[in-house]
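What follows is a single structure, written as structure tokens, with notes after it.
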Amino acid sequence: QVQLVESGGGLVQAGGSLRLSCAASGRTFSNYAMGWFRQAPGKEREFAATITWNGRVTYYADSVKGRFTISRDNAKNTVYLQMNSLKPEDTAVYYCAAAGGSWYYTAPGEYDAWGQGTQVTVSS
């Protein structure tokens with residue numbers, strides 16, 4: 001089982017940027033597709049972005065497309081989420097997740113491991 005630890009969350013004004021990081025340990029990181037999900041208070045966890053094991057293919061939710069960028073560095077066992085032009089509705093706890101497989105995945109049930117989450121708060 002891979003272990004995941006997120007960092008980089010915080011408080012930012014609308015229009016600002018944050019970069020989240022997710023460090024993996026325990027198993028071969030490059031064996032996993034990675035994803036970022038988020039959960040706002042009172043709402044279900046929702047998909048934000050995903051990337052294949054080799055970083056060649058990415059896919060985004062419509063709500064973040066054009067503003068967020070997912071990337072990974074397999075040498076550092078880390079996946080990133082660069083978030084630009086942040087909006088108050090982006091406020092949520094952000095989770096990274098790992099899925100064993102050769103493609104990318106958008107459903108929470110397809111993921112095998114989850115981090116503890118990092119809070120992102122965007123003020124208006």
Side-chain angles (χ1 to χ4, degrees):
Q1 186 83 346
V2 63
Q3 289 81 46
L4 305 171
V5 178
E6 302 97 335
S7 61
L11 174 65
V12 63
Q13 289 187 333
S17 298
L18 282 175
R19 189 175 83 153
L20 305 183
S21 299
C22 173
S25 62
R27 290 290 182 98
T28 304
F29 180 65
S30 59
N31 286 348
Y32 293 89
M34 299 298 295
W36 285 97
F37 291 77
R38 63 187 185 181
Q39 188 167 16
K43 295 187 177 181
E44 293 188 354
R45 190 170 299 189
E46 67 172 7
F47 164 76
T50 181
I51 189 167
T52 53
W53 67 273
N54 56 8
R56 292 179 181 174
V57 183
T58 58
Y59 184 78
Y60 298 91
D62 287 344
S63 58
V64 307
K65 196 176 298 181
R67 300 187 298 121
F68 290 11
T69 302
I70 188 171
S71 61
R72 65 189 297 161
D73 185 339
N74 286 348
K76 295 183 178 180
N77 291 347
T78 302
V79 63
Y80 305 97
L81 187 67
Q82 177 67 44
M83 305 186 295
N84 298 330
S85 302
L86 282 161
K87 304 175 182 180
E89 51 264 44
D90 294 319
T91 295
V93 176
Y94 282 71
Y95 299 89
C96 73
S102 60
W103 195 229
Y104 63 72
Y105 307 94
T106 61
E110 295 175 301
Y111 285 80
D112 306 308
W114 293 82
Q116 83 289 348
T118 185
Q119 177 71 47
V120 171
T121 303
V122 184
S123 63
S124 57

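Here the structure is a predicted model, which means the values were calculated and not measured. Numbers here simply count residues along the sequence, with the first being 1.
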Could you check if a side-chain atom of [X] sits within less than 4.5 angstrom of a side-chain atom of [Y], using non-hydrogen atoms only?
X	Y	value
Phe29	Lys76	no
Ser63	Arg38	yes
Arg72	Asn77	no
Leu86	Asn84	no

Is there a donor-acceptor contact under 3.5 Å from the side chain of [X] to the main chain of [Y]?
X	Y	answer
Thr52	Val57	yes
Glu46	Glu44	no
Tyr111	Tyr105	yes
Glu6	Gln116	yes
Thr121	Leu11	no
Arg67	Ser85	yes
Thr50	Met34	yes
Tyr60	Ile70	yes
Asp112	Gly100	yes
Gln82	Ser17	no

Inspect the contact between Lys87 and Asp90 and indicate whether a charged nitrogen and a carboxylate oxygen are less than 4.0 angstrom apart.
no
Specify whether Tyr59 and Tyr104 have parallel, tilted or perpendicular ring planes, treating 30° as the upper limit for parallel and 60° as the lower limit for perpendicular.
parallel
Examine Trp114 together with Phe37 and report whether their ring centres are nearer than 6.0 Å.
yes
Closest non-hydrogen contact found for Trp36 with Tyr80 is NE1-O, 3.4 Å
Heavy atoms of Val2 and Ala24 approach each other most closely as CG2-CB, 3.8 Å
When rounded to the nearest 0.5 Å, the distance separating OH of Tyr32 from OG of Ser102 is 14.0 Å
Should the pair Arg45 and Tyr95 be classed as cation-pi, given the thresholds of under 6.0 Å to the six-membered ring centre and 45° from the axis?
yes
Among Leu18, Leu81, Leu20, whose side-chain contact (heavy atoms from CB on, under 4.5 Å) with Thr118 holds?
Leu20
